[in-house]
Structure formats: structure tokens, C-alpha cells
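Beneath this line is the structure, given in C-alpha cells, with notes to follow.
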Number of protein chains: 4
Amino acid sequence: MSGVKARNDKRKQILAAATRVFARKGFYHSKVSEIAAQAGVADGTIYLYFKNKDDLLVQLFEDTMDRILSGVRTALDGCTEIRQKIHLFIAHHLQLVQSDRDLAEIITVELRQSHKFMKEYANPKFGEYLQIFANIVQEGQDLGVIKAEINARVVSRALFGALNELFLYWLMGRGKFTLDEAIRNIDEILLGGLFVEHTSPCHR
Amino acid sequence: MSGVKARNDKRKQILAAATRVFARKGFYHSKVSEIAAQAGVADGTIYLYFKNKDDLLVQLFEDTMDRILSGVRTALDGCTEIRQKIHLFIAHHLQLVQSDRDLAEIITVELRQSHKFMKEYANPKFGEYLQIFANIVQEGQDLGVIKAEINARVVSRALFGALNELFLYWLMGRGKFTLDEAIRNIDEILLGGLFVEHTSPCHR
Amino acid sequence: MSGVKARNDKRKQILAAATRVFARKGFYHSKVSEIAAQAGVADGTIYLYFKNKDDLLVQLFEDTMDRILSGVRTALDGCTEIRQKIHLFIAHHLQLVQSDRDLAEIITVELRQSHKFMKEYANPKFGEYLQIFANIVQEGQDLGVIKAEINARVVSRALFGALNELFLYWLMGRGKFTLDEAIRNIDEILLGGLFVEHTSPCHR
Amino acid sequence: MSGVKARNDKRKQILAAATRVFARKGFYHSKVSEIAAQAGVADGTIYLYFKNKDDLLVQLFEDTMDRILSGVRTALDGCTEIRQKIHLFIAHHLQLVQSDRDLAEIITVELRQSHKFMKEYANPKFGEYLQIFANIVQEGQDLGVIKAEINARVVSRALFGALNELFLYWLMGRGKFTLDEAIRNIDEILLGGLFVEHTSPCHR
DNA sequence: GATGAATGAGCATTCATTCAT
DNA sequence: TATGAATGAATGCTCATTCAT
């Protein structure tokens, strides 16, 4: 048992080191030897736990998605109101990236680097994550609360892109706004659109 | 005159080749010699027009932004209605990326790769592009058409992220939707939010 | 222990290969890959022991100077007579360059190539070597054996230049003389000048 | 006629530029394009006057040697006394290198760089230069003024090496002596050796 | 399992030289 | 003659990966 635990510890150590290094230097400018040094292991040791440098990024991503998935499920647990669910999903996402910047930067920026990931890597866990939001939307549509003409998958993608970009902007310190303000804005738009008045039947 | 023209032609040739190669292989997996071969010039010739490989990406981006900026300005020219302006901006963006996939992929994916670009490269033209949308929102707020509590910069960033992500999704062929459908969805949400009913005074 | 020894062995192997290659082709025409091949190691291995190609030359020089310094000190050890010391210094120098032509050629010719060496590299060990001769001259002056109007540093530089040039001439096979003959000539001149008669008081 | 003159002017311009650049950067770090720029001509123009970069150094050297040879011959012209001739030769050499440092640096340092020069280039004019000194020594021997056991060629080589090294030392600013002091020291030694007393017959 | 010395494929960049104008 | 844009061969160095210990 302790062997398995020790193995897991070392794997975590390496992933933690990789997170730090990838976030600071970017995937292509990170050296395996630097990750090894940061993790306090020999270069060769990394290859006992990971197939190669790419695998380090894949596993980093999958581990993270696991945590994110269980986190968002817990957050949504017990919530029944659709509007509330949507708010929680958004808030959870931004709190998440805020709580671990290194990790967030990798998910947001570095992951797009390797063609392995964007073109060859199917990325089922990311799909699962988006599906959670899509399911909320679908549920809302089934309940008649959300407009039927909305495509749930399109909206979840769009939402993810919006949140991601906002985080990136905030991360670079160029966006002069808080993530709380970002949440409020996104909530507001999803709730009632951009405009003050709308051509709803009640107006006539 | 022909010297200047020839010079410009060769520069364009190289940028076109770089676009193709970067889009297919990704920046870090693209070899300068392959770009040179594609452009029909010698390796060394590239360095007569560009400082280095990175510069190729920067100039590619700047050239493209110039075209995008003038394109969107032309598209918006003569349009006065705020809702219409917003629609045009969105439609223009998606038509643009649709019309040149290689270019779009670079702008969307590859540009985020180099730390040079994301961390050190200030990227004023991209800011200008977003500012166009932010200005429309601001104008709408001044006219009282758009909600005052919306932060124009946050919304323009979020919109860009949403459009970008949708394009990426569509590009990978995994999104089973057309870009037209994407436009409709985004329009719809911005116009009236996600929900069928809203807590507008008229309903009670 | 064996690790340290192995490390030292490999370093020596590489330096020996570098000596051979530099001597035959000259520093600027020597390829790192050729040195690696001669040393029976991979190209990259060289960079585990040396910072870069220049460093190879610097360390080659410093290692050699260490050996030369201890050699000449040993040779002079126990010798008290000034004339004898001077003779030993000269003889030692020429025997040295004669015993390892490759090394001698590098010290003599190649070292002057890189501006790093001539302009930026302070070269303290070479100074130490010359100082040994300067000290002998100084000692002779203190004892009243050597002319007081002689500048010890000027003479040691001049002597070094003379010996060096003679070696070079001999090396190229154009000088039709032996190094022994060279020693005799230099000795003779230092001892009593070029001329048969001198304006010494005893002549009148 | 003017064509020939113009041609000669441009050739001189280029050689002057090469002198400056070679002296400052060293032969291998000098770029043909920089020499062209300094000379105010196009890169290609250099190849109308010189076979290649090496040829630039060869011709630079040969032109210089021509001037040096006629200079030293003029200096010695009319002088009959052997001791005086030797003094003049030495003084002329050091005045020469002092008067044009760039040129002197090339002759002294850069010329040794290219294996072309040291190993393949016979360098007859340099031999001629040394021969002038050797002839003086020979003449002295024939007159019975200079020791018969001296090898004239060895001595002239040695003298050249000594003067060269002194100049180099002085050039680098590390030798805290004037070239005049250097001349006095060399003169003194050649005249009467290093030592105060010698085992000349008169002493017993 | 762990190490880290050794490997060697891979590649951006330089620059002497050419040649069409 | 003169130009200078174009060439493309040449090479130092990096770093992911391996494997003997």
C-alpha cells in the first residue's frame, strides 16, 4: 500500500512542478530537466511516471478536470432553480481559476499550444464539463424556462470562451475589473440580454 | 517602383507561406526552411524581410489585424442602429474567420503560444478591434438603449472569447452546428438573455 | 570515486581531441562535431564539460599553462646560478613546445585568434609564466649580475616573443635549423650580445 | 588613365576599410558587408577588386609589406656602420607599428589567424623583410664585427618575434612601458648582452 | 524504483558569394 | 563598372529521451 502511496506522491510532486514551470515559461519553453529539478527528482524519474513531455500536459489536464468536475458537481448539488444553477456554474468557474493561477494559466493558455491537444486529443473530460452546463440549459428548455431556439451546446461553448477570455484578460492585469464584476456582467446578460427594453409581447 | 513592388510581393509570399505552415503544423512545429520552400525562396531570404521566426508571427498578426480593422469599420459604416451594429460586428467576425481558415486558426490558436505574444507583446491592434465593440456598447448606454450597469470592456472581451471559442469548436468539426446558427444564438442572448420570461415590470 | 575519475577522463579525452583538431585545422575551421568524433563522444557531451567552443580553447590553455608552470618550476628547482637559470628557462621552453607540437601550435598560433583571448581574456597564468623569467632577471639585478638599466618585464616579453617566433618558424619547416641551435643563439646573445667587441672599459 | 586611377582609389578605399574592420573585430568576426559599408561601396563591388575575403587580407598584407620594405630601405640608406644599422632597423620597426595601430594589429595578430597564411601562404615579402636584417648580421660577420657563431636567420627571426611581442604587449595597454624604452632594452642586449660582466678574454 | 551522464537528432540563423539588372 | 537582393551551405548548441548502474 505504502508503495502505491509513495508512487502517487511522487507523481503529484512532478505534476505540481510541471504546473509551476509550464505556467511561468510556457510549454515549449519549459525544460523537462527544470521540472525535474523543481520536483526534486532526477530527469529520468519523470519518465517512470509519464510517457513523455506531452503526456505531462495531458495528465496535468486530466487530473485537473477531474477535480474541476467533482467540484462543480458538488457546487451544483442540491440546487434546483435553473437561474441559480447557471449562476453557480459561472461563479464556480471563475473562483476556480482565481484560486490557482498557475493551473488556470495552463488550462487557459498552454493547453492550446500542442497540436496534440487541439487536433488529436479528443478531450472527453472537457466535453463533460461543458455538458454539465449544456444539461442545465436543456433542463431549462424542458421546463420551458429557457428559450427553445437556443442551442445548448453552442451556448455552453460560447460561455466557456467568454469566461476563459475574461480570465485571461484579468490575468494579464490589463483588464481593470474584478472577476466579481465579470460574473455580474455575464449573469446580467444571460438573464436579460444587453438591452434595457425588448420587443416582448407585453409591451403592446 | 518595381523594386518596392517586388519587395512587397516577396514579403506577402512569405507571409502567405507562413500562414499555411503555421496553421497546419503549429508555430513550434513549423520549420523556417519549410516556410521558405513553400514561399519558393531561399531560407536566408526570409531574414531579409523578417527579424526572426517570431517576427514572422507578429507581422502576420499585425497585417491581419489591419485588414480586419478596416473590414469591420467598412461593415459598420453607415449603420446607425445599435442593435444592427452589434449584429454586424458579430456577423463580420464569424464571416471573417470562415473566409480564411488558416489565418483564423493562427489568430485563434497559434497566437497564444508564444509567451512573447501573450506576456510581452502589447498588441495594440487587438485592443483597437475590441474597442470598436466597446464603443458601440458605450454609445448604446449613452443613448439609454443599453443597460448602464454593463461594463463595456468586460462585455467586449467576453464576446470576443465566445466568438473565438465557437469558431475553434466549429473548426475542429466537432461542433455540429453552422456558424450562422452560432450568430443567431449569440444575437438572441445579447438581445434578450437566455430566458423566456424576465422579471420585467410589465409582467405583473 | 570512479565517477570523478571517469568524468576527468572524458574531459581529458575531449581536450586531447580538441588539441589535435585545433592544431590541424585552426580554431575557426574546427567543427565541434569533429572534435566530438575524435574524442569518441557525442556532440552534446562536449557541452557537459565545456560551456562552448571558446571555452574549449580557454580551458585547453589553462590546463596547459598549469603543466608548463609546474614543469618550469621543477626545472629551475635547486638551480642557484643566474646564468644557469636563464639557460634552463629557455631550454625548458623549447623542449616543451618540441615535445607536443599540436599543443605548442595552439598556444603559439591559435590562441591569438579569438578576440576573446587577446582582448578580453586577462590570461593570468601566462603572466605568471613570464613573471618567473622576470624574477630571475630581477634577482640578477639585485645581485648586481645583470645590468640595472634593463627592464625585467620588457626583456621577459621580448624573450617570449623571440622563442615563440623561432618555434613557429621551425614548426613550419622553413627554418633550416634545429631548436638546439636556436637555444645556443639566444643564450649567446643574452650572455654577451651580438658583437665580438664591446665598448667595455677593459678594451682601451 | 583616370580609369586606372579611379580603380586604384576604390581598391585603396576598400583596403583601408578592411584594415579598420579587421583590426577592430578580427578577421573571422569581420563581415564583408561591413567592410563594404565602411568603404562606401556595395558588397558585390569588393569582389571586383578582390578574389574573396582571404584575398583581402593577403593583399592588405602585401601592400603593407611593400611600404614597409621601401621604408626600411630608405631608413637604412646611407648608413654604413653595422651597430647603427641594427639600431635603425629596430627603431624603424617600432615606429612603424606605432604610426598605424590598425595596420600593426592586423600584421601582428590577425595575420596569424588564417591557416591559409601560416601554412599555405609562402609570404615572400615577409621573408624579404627579415632578410634585410639577416643581411646586416651577415655583413657584420663578414666584417668580423659580429660573432661568427651566430646564425643570422635565427637571430632575425628571434628579433622579429621579440619586437612583435613587445608591440602586442604595449598595444594591449598592459605593458607599462614606452616603445622607446623597449628599443633601448633590445639595443642594449644585442649590443652587450644581459650581463654586466662577461667572460671576455680581457677580463683575465 | 531512482539516477543523471550520455546521446544525437534537429534547427534557426549567418554570411560569403553570385548575378541579373 | 557597380549594385544589393537573393542564395543556400554550413554549424554551434539544445534538450527530450535512454539506459547502465
Side-chain angles (χ1 to χ4, degrees), chain A residues 3-4 6-7 10-11 14 28-37 39-56, chain B residues 2-3 6-7 10-11 14 28-37 39-56, chain C residues 2-4 6-7 10-11 14 28-37 39-56, chain D residues 3 6-7 10-11 14 28-37 39-56:
Chain A
V4 170
R7 181 174 170 81
K10 198 154 278 188
R11 185 178 172 279
I14 294 169
Y28 283 100
H29 291 130
S30 296
K31 298 176 209 166
V32 172
S33 65
E34 194 182 345
I35 294 171
V41 300
D43 293 17
T45 305
I46 288 185
Y47 292 86
L48 297 175
Y49 295 86
F50 303 92
K51 204 151 44 76
N52 51 37
K53 193 184 168 189
D54 277 1
D55 190 38
L56 221 39
Chain B
S2 84
R7 182 173 170 81
K10 199 152 280 188
R11 184 177 174 279
I14 294 169
Y28 285 98
H29 290 128
S30 296
K31 293 177 237 165
V32 172
S33 64
E34 194 183 344
I35 294 171
V41 299
D43 292 17
T45 305
I46 289 187
Y47 294 87
L48 295 176
Y49 296 87
F50 303 92
K51 212 156 35 78
N52 50 37
K53 195 185 165 187
D54 276 2
D55 191 38
L56 221 38
Chain C
S2 83
V4 169
R7 182 173 170 80
K10 199 150 280 187
R11 183 177 175 279
I14 294 169
Y28 284 99
H29 290 129
S30 296
K31 294 178 237 166
V32 171
S33 65
E34 194 182 345
I35 295 171
V41 300
D43 292 19
T45 305
I46 289 186
Y47 293 88
L48 295 176
Y49 296 87
F50 304 92
K51 211 154 36 82
N52 50 38
K53 195 183 166 189
D54 276 2
D55 191 38
L56 221 40
Chain D
R7 180 173 170 83
K10 198 153 279 188
R11 183 178 174 279
I14 294 170
Y28 283 100
H29 290 130
S30 296
K31 298 176 210 166
V32 172
S33 65
E34 194 182 345
I35 294 170
V41 300
D43 293 17
T45 305
I46 288 186
Y47 292 86
L48 297 174
Y49 294 87
F50 303 92
K51 205 153 41 80
N52 52 34
K53 193 183 167 188
D54 276 0
D55 190 38
L56 220 40

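Letters A, B, ... are given to chains in the order of the sequence lines, protein chains preceding strands, and every chain is numbered from 1.
- Tyr49(A) has a side-chain polar atom (N or O) that falls below the 4.0 Å cut-off from OP1 or OP2 of dA2(E).
- Nucleotide dA10(F) holds its C1' atom 14 Å from the CD atom of Glu34(C), rounded to whole Å.
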Can you give one letter per nucleotide of nucleotides 11-21 of chain F, going 5' to 3': B for a protein heavy atom under 4.0 Å from the base, S for sugar-phosphate only, - for none?
-> SSBBSSBB---

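- For the pair Lys10(D) NZ and dT1(F) C1', the interatomic distance rounds to 8 Å; values are reported in whole Å.
- Taking atom CZ of Phe50(D) as the reference point, atom P of dA16(E) lies 15 Å away to the nearest angstrom.
- Of the candidate nucleotides dA5(F), dG4(E), dA2(E), dG4(E) has the atom lying nearest to any side-chain atom of Ala42(A).
- Leu48(C) has its CG atom 13 Å from the P atom of dG8(E), to the nearest Å.
- Going from atom OH of Tyr28(A) over to atom NZ of Lys53(A) covers 8.0 Å, rounded to the nearest 0.5 Å.
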Side chains of residues 45-52 of chain A: which donor-acceptor partners sit under 3.5 Å, not counting sequence neighbours?
{"unit_1": "Thr45(A)", "atom_1": "OG1", "unit_2": "Ala42(A)", "atom_2": "O", "d": "3.4"}
{"unit_1": "Asn52(A)", "atom_1": "OD1", "unit_2": "Asp54(A)", "atom_2": "N", "d": "3.2"}
{"unit_1": "Asn52(A)", "atom_1": "OD1", "unit_2": "Asp55(A)", "atom_2": "N", "d": "2.9"}

Trace of the side-chain contact (heavy atoms from CB on, under 4.5 Å) decision for Leu56(B) with Val32(B) | CA-CA 10 Å; Leu56(B) 221 38; Val32(B) 172; 5.5 Å; no

Reading DNA chain F 5' to 3', what string of ( ), [ ], | and . shows its pairs, if Watson-Crick and G-U wobble pairs count only when both distances fall under 3.5 Å?
-> .||||||||||||||||||||

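- The interatomic distance linking Arg11(C) (CZ) with dA5(E) (C1') rounds to 17 Å, in whole Å.
- Following rounding to the nearest Å, Ile14(B) (CD1) and dA5(F) (P) show an atom-to-atom distance of 13 Å.
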